[in-house]
Protein chains: 2
Amino acid sequence: MGMTRSKAPTLEMVAHHAGVSRATVSRVVNGAATVDKQMVEVVQRSIDALNYVPNRAARSLARRRTQSIALVVPESAAKVFADPFFASVVQGIALELAPTDYTLNMIIESEAQAPKTRRYLLGGNVDGALVVSHHTGDHSWAELSDMLPVVFGGRPLVRSDSEHHFVDVDNLRGARIAVQYLIDRGRTHVATIAGPQDMPPGLDRLTGWAQVLAEAGLQPGPVAYGDFTADSGAAAMRTLLEGGEPIDAVFVANDQMALGAYPVLREAGRRIPDDVAVVGFDDSYFSASTDPPLTTVHQPLVEMGAEMARVLVNLIEGRPTETATVMDGTLVERGSA
Amino acid sequence: MGMTRSKAPTLEMVAHHAGVSRATVSRVVNGAATVDKQMVEVVQRSIDALNYVPNRAARSLARRRTQSIALVVPESAAKVFADPFFASVVQGIALELAPTDYTLNMIIESEAQAPKTRRYLLGGNVDGALVVSHHTGDHSWAELSDMLPVVFGGRPLVRSDSEHHFVDVDNLRGARIAVQYLIDRGRTHVATIAGPQDMPPGLDRLTGWAQVLAEAGLQPGPVAYGDFTADSGAAAMRTLLEGGEPIDAVFVANDQMALGAYPVLREAGRRIPDDVAVVGFDDSYFSASTDPPLTTVHQPLVEMGAEMARVLVNLIEGRPTETATVMDGTLVERGSA
DNA sequence: TTGTAAGCGTTATCAG
DNA sequence: CTGATAACGCTTACAA
């Protein structure tokens with residue numbers, strides 16, 4: 001077990017090697033403009049020779065800056081990582097942060113550990129925090145905003161007075177686009193399988209559906225509710241069918257539920273999209289593999305993550321930045337509508 | 001924008017408040033046994049009163065320990081987070097680490113940033129590293145093992161001489177279990193859709209299939225290869241069917257490919273599982289929602305992540321620990337076989 | 001059992 | 001433009 005970790009060279013050693021003061025080395029390392037070109041050369045050579053790399057802890061201590069930002073994951077851990085939404089957002093964050101010299105500290109927030117997390121965040125261990133609260137819209141970390149730069153992913157469920165920074169995807173517009181598409185293709189009896197109404201995405205997607213229908217002067221079709229799982233989608237579809245109202249299209253608030261609705265439709269003898277067109281939401285990775293492939297609303301999740309990171313860094317570094325950013329989704333046409 | 005970050009209380013302040021020396025406070029904070037009970041009480045009260053929380057950087061500097069471990073993600077970032085394998089493993093890691101006072105530093109490793117990553121890891125910024133290399137078996141970070149405690153997720157493609165620590169799921173046994181199940185149910189013409197043969201999982205799953213068939217004295221059925229995507233699964237299934245050999249079961253090296261094989265089978269008029277039974281691998285989250293639900297091999301991914309973390313912490317703290325851990329999968333019976 | 005004081009590796013202030 | 005020299009907040013021998 002080669003645990004031969006040779007002690008890292010210090011700035012002191014570099015200074016000695018180069019025959020200059022520590023201050024100068026520090027300046028070179030940090031790219032200060034006020035250093036003689038010759039000096040820089042010399043010092044740089046020593047740095048390379050010794051393979052010097054600055055000690056992060058020491059630097060943090062001196063600068064009173066950690067150069068690291070927390071990624072807090074508040075939802076029940078079990079679901080979070082399996083959730084493609086979360087996965088994509090994190091990806092965007094990580095990608096955006098990679099070239100900067102901020103480090104991403106993943107902290108998973110279980111109910112029981114809340115105080116510990118709070119202390120960690122407030123204890124000066126990070127320069128800022130990113131909190132991703134997809135479904136819940138739960139901004140229980142809102143108070144933190146006063147103590148620490150914080151950017152939320154997903155809009156708050158309630159519009160609070162204090163100004164939180166957040167970036168979100170535009171669920172309302174996404175839904176509108178989807179339903180409009182259905183209408184444009186001649187569908188007139190558009191039902192919907194909605195998500196939970198205590199989560200912003202569930203709420204907004206239903207609202208979008210209702211809006212467009214109203215604007216088109218169409219009767220709103222029947223509504224059934226699910227909880228974003230495939231099973232609930234199947235149940236909802238069954239409810240819709242049993243309702244007896246005519247249906248030639250259904251806007252499903254997420255792909256998972258659409259996945260569940262598929263076999264129910266098939267068993268009922270309704271062909272997709274001939275008899276009933278279906279449009280999903282999220283562009284989940286399996287949606288191209290369903291039969292028929294699912295037409296769905298794609299959200300710029302990766303970009304959303306990147307934007308979150310960007311905003312936070314701005315905040316940390318005292319640059320002006322937008323308080324709310326809402327990103328548009330796009331419809332990806334496949335075979336189901 | 002309330003950036004009123006009040007300066008955190010220092011150990012010094014606590015000491016003053018409590019009327020003791022900094023050393024004593026430090027001892028209390030770190031739970032040293034050599035402190036008078038009374039003292040502990042007093043100090044603790046001050047700590048609470050001031051809401052003191054130790055500064056991580058200062059502590060690291062003094063202790064020469066960062067208390068943080070790196071999670072390096074070497075694969076092309078784009079896929080990694082969408083990959084349920086990775087997601088589950090990370091979940092396990094995060095969960096295991098949460099109650100400890102190690103912090104998880106996610107570092108996403110793009111080709112271009114390799115040197116930066118190396119410097120980061122070797123620059124004393126972390127106490128150890130976890131590298132997850134699912135498919136590839138690529139242990140290009142192997143060299144690191146000599147400089148820093150490292151634990152790999154997924155076995156190396158080639159058995160190297162230096163002793164790397166790794167934990168893996170047992171793909172071979174998983175495959176064996178699946179195929180044995182098929183045989184036990186009376187199937188005698190068992191084909192397989194294998195994964196890429198330059199990845200350990202692809203390799204081992206195919207080997208397991210071949211082994212069991214041989215041991216049962218059965219002729220090996222036809223083999224077709226895919227790349228773990230649904231499309232490739234569809235293509236492979238087509239190849240299998242066109243081959244003309246009798247097939248009453250197919251062991252598919254992962255669920256995605258099984259997903260792709262489904263419609264091909266259906267179009268060919270073969271009922272699942274009546275005409276041909278299919279067993280997948282991975283227990284992907286959609287596998288319960290397919291029609292029929294997919295019987296598949298579940299791997300203890302979360303546990304695997306947890307184990308990785310456990311091993312690494314042992315390594316870091318100088319405790320003895322196993323070099324290789326291989327975890328068993330289990331068959332989850334659903335409707336497809 | 002508690003206190004003193006010397007670091008830990010950088011940065012930053014101030015002279016020179 | 002460069003060099004001393006204090007911090008930065010905590011740990012840890014070593015004393016008392």
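Every value quoted in this text rests on a predicted model; they were computed, and no experiment measured them. Order of the sequence lines sets the chain letters (A, B, ...), proteins ahead of strands, with each chain counted from 1.
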Visitor: Tell me, yes or no, whether the heavy-atom count around A:Glu41 atom CD, taken from other residues, nucleotides or ligands under 6.0 Å, exceeds 12.
Guide: no

Visitor: I need the minimum non-hydrogen distance between B:Leu121 and B:Ala129, along with the two atoms involved.
Guide: CD2-CB, 4.3 Å

Visitor: Main chain of B:Val326, side chain of B:Asp168: is a donor-acceptor contact present, judged purely on distance under 3.5 Å?
Guide: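 Not a single qualifying donor-acceptor pair exists.
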
Visitor: Please list, in 5' to 3' order, the outermost nucleotides of DNA chain C lying under 4.0 Å from any heavy atom of chain B.
Guide: C:dT1 to C:dG9

Visitor: Determine whether more than 12 heavy atoms belonging to other residues, nucleotides or ligands lie under 6.0 Å from atom NE2 of B:His16.
Guide: no

Visitor: Distance-only, no hydrogens or angles: does the B:Asp36 side chain make a donor-acceptor pair with backbone N or O of B:Gln38 under 3.5 Å?
Guide: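 Side chain of B:Asp36 to backbone of B:Gln38: a pair is present.
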
Visitor: Ignoring hydrogens, what is the shortest heavy-atom contact between A:Ser88 and A:Leu301? Give both atom names and the distance.
Guide: CB-CB, 3.4 Å

Visitor: Please encode protein proximity along nucleotides 7-16 of chain D as a string of B, S and -, counting only heavy-atom distances under 4.0 Å.
Guide: -BBBBBB---

Visitor: Would the distance check show the side chain of B:Ser60 and the main-chain N or O of B:Arg56 forming a donor-acceptor pair, the cut-off being under 3.5 Å?
Guide: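 Looks like yes, one N/O pair under 3.5 Å.
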
